[in-house]
Amino acid sequence: MSTNRGLENTAKGLVWPSLKELVSLLQAGKISPSVLMQQCLEEIAKQKDFNAITELNPKALERAKALEKLPKKGKLYGVPFVAKDNFLT
């Protein structure tokens with residue numbers, strides 16, 4: 001996997017590393033939370049036709065950049081997540 005990248009482009013398309021690999025990359029500083037978030041947002045935009053993600057935090061990238069200025073805390077530091085949209089029922 002190349003430095004500062006979360007997704008790997010292969011002949012089969014984009015492949016995400018495992019959660020364990022993502023955590024290792026983030027903790028080692030090989031990828032930043034903002035780069036990872038940008039990749040997530042780009043992938044969500046590409047998959048828009050599936051309508052799987054209906055709401056996004058408009059400040060997600062801004063928050064990821066702010067996180068980079070703080071000390072790394074916890075095992076899931078910088079890992080984006082998706083919450084099921086049952087909050088909007």
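Note: hydrogens, waters and symmetry copies are ignored here, and every other heavy atom, side chains too, is used. If you read the sequence from its start, that first residue is 1, and numbering goes on from there.
If you chain together ILVMFWY residues whose side-chain heavy atoms come under 4.5 Å of each other, I44 ends up grouped with M37, L41, I53, L56, L61, V82.
A donor-acceptor pair under 3.5 Å links the side-chain atoms of K72 to the main chain of L26, judged by distance alone. Remark: the backbone N or O of S32 is not paired with any side-chain donor or acceptor of E68 at under 3.5 angstrom.
A distance of 9.0 Å separates CG in L25 from OG in S18, rounded to the nearest 0.5 Å. The OG atom of S34 lies 10.0 Å from the CD atom of Q39; values are rounded to the nearest 0.5 Å. For the atom pair K75 NZ and K20 NZ, the distance stands at 10.0 Å (nearest 0.5 Å).
Of all the heavy atoms in P33 and Y77, the pair that sits closest is CG-OH, 3.7 Å.
At a threshold of 4.5 Å between non-hydrogen side-chain atoms, the residues K46 and E43 count as touching.
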